Protein chains: 2
Amino acid sequence: MTGSPRDPWDSGAVTDLGSTPGAGRRGRPGFDQETVLRRAIALFNQQGYDATSIGDLAKDLGLTKSAIYHHVDSKEDLLSAALDEALNSLNDAIQVAVDAPPQTSAAERLRTAVEESVRVLVQHQPAVTLLLRVRGNSPVEQSALKRRRAIDERVASLVQEAVAEGALRDDIPPDLISRLLFGTVNSLVEWYRPGGTIDPDSLARIVASLAFDGLRAE
Amino acid sequence: MTGSPRDPWDSGAVTDLGSTPGAGRRGRPGFDQETVLRRAIALFNQQGYDATSIGDLAKDLGLTKSAIYHHVDSKEDLLSAALDEALNSLNDAIQVAVDAPPQTSAAERLRTAVEESVRVLVQHQPAVTLLLRVRGNSPVEQSALKRRRAIDERVASLVQEAVAEGALRDDIPPDLISRLLFGTVNSLVEWYRPGGTIDPDSLARIVASLAFDGLRAE
DNA sequence: GTCTATACCGCGATAGAC
DNA sequence: GTCTATCGCGGTATAGAC
């Protein structure tokens, strides 16, 4: 688990965000920004952002501290990039539900929001994990929290509409439903790891089914 | 929100753990260990453990850094005490369910475990919040993680028994049920604050009902 | 019980050689 | 693109006066 240097050719990125020249290059690769970001996010999640030093990141990449600054302006920039990735993805997930055809019921939209959110949490697990742990200790973190609250409000609206529609039980305050429902979804980041036995789509359906139908045997 | 010094007479403790002489004392009170611990936990949760310095804690209490060390041996001791509080309480909660009368069904035991856990999360919210954020960065944290995993396993057993009994749906792996169920429960620490509109017992019943019955209108 | 002063260390970040 | 060396700061913790 401790700091064996990484192969520079292995970007470690789940998705290619386009900043990597990619295979077939010649000469010494060094590390591109995307690789550094991927490893930084992983370390931030393992140890916590504040407990992770630039020196830790350097060791992990097999470089010295100062070499990091050739690729990145500051430690906080790495955090900022990660939080943007998470927030943009989550926003997109909710947008899919909001953009459903007009005749779609509020309950169906909510279910879509849940399933799309699960997919995002799985696909961008490291970045979203980081987002969910942000406390607001700096302007970067505060603005991320603000964007996150905006997303929470969009979700709460979906829940309210579904309750008003009569599809969801009305013996629980809608705000509470919303918090518990997405508390369940968000808890995925605590244990889900890519390459497990359960694929993302199945997981999305299971989470939605458990939330809507409960865990009692039918 | 920023650092107005605390009244030493106000212990800030949710429960009196017995180390405070209490009201009616004469002379300069200073700060007892319990008060320092309560404020430390609050700050650790607001900013994160690593981002909180002894200086921050001193400012919050209206003291200097070095005065803290009259009450506490080290920053890590404060963390250790908080994690013990959380782990002992959670263990007790599960024990209540395990100690149910012999004729109690596994499903009933599980429901009790959920409700008792909610009560503990509410009553010891600050300490439990801290526990749920521990990453294992030091021996203290690692041993807390170990104890936490042991609790998770006891819970997973309860779920397995309930599935084996036929009371819970069997189309979802028991481990997954366990993780999602207590992911929901644990997510409470993210938003529950004492003195809100909803009392702990109602919340416990709501969480259990939502988990077992789902959020669909009946 | 709290203070001032300080030891000692590791942090983020920069300068400049290669 | 990476290195060595270093700056300045703030961290935990301690010593000793009051």
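Small disclaimer: the values here were computed from a predicted structure and weren't measured. Below, read A as the first sequence line, B as the second, and so on, with proteins coming before strands; counting in each chain starts at 1.
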- Task: Indicate whether the side chain of A:Asp77 and that of A:Ser80 have a donor and an acceptor atom separated by less than 3.5 Å.
- Result: no
- Message: In this structure, how many angstroms lie between the C1' atom of D:dG1 and the NE2 atom of A:His71, rounded?
- Response: 6 Å
- Rounded to whole Å, the NZ-P distance (B:Lys59 to C:dT2) equals 18 Å
- Item | Residues B:Gln123 and B:Ser89: side-chain donor-acceptor under 3.5 angstrom | no
- Item | With sequence neighbours excluded, residues passing salt bridge (Lys or Arg N to Asp or Glu O under 4.0 Å) with A:Arg179 | none
- Counterpart residues, side-chain hydrogen bond (donor to acceptor under 3.5 Å, both in side chains), relative to B:Asn88 (two or more places apart): B:Arg147
- Query: Whole-Å distance between C:dC11 P and A:Gln47 CD?
  - Reply: 10 Å
- Round to a whole Å and report the spacing from CG of B:Leu57 to C1' of D:dG11. 14 Å
- Task: Starting from P on C:dC11, measure out to CZ on A:Phe44 and report it in whole angstrom.
- Result: 13 Å
- Note on the structure: B:Asn137 atom CG is separated from C:dC11 atom P, nearest whole Å, by 12 Å
- Query: Does a salt bridge link A:Arg149 with A:Glu153, judged by any charged N lying under 4.0 Å from a carboxylate O?
  - Reply: no
- Query: Does B:His70 place a side-chain N or O at less than 4.0 Å from the phosphate oxygens OP1/OP2 of D:dT14?
  - Reply: no
- Message: Within the 4.0 Å limit for protein heavy atoms, which parts of nucleotides 12-18 of chain C are touched? Write it as a string from 5' to 3', B for base, S for sugar-phosphate only, - for none.
- Response: BBBB---
- Within the pair B:Thr64 and C:dC3, is there a side-chain N or O less than 4.0 Å away from OP1 or OP2? yes
- Query: Do the side-chain N and O atoms of A:Asp32 and A:Thr35 include a donor-acceptor pair separated by under 3.5 angstrom?
  - Reply: yes
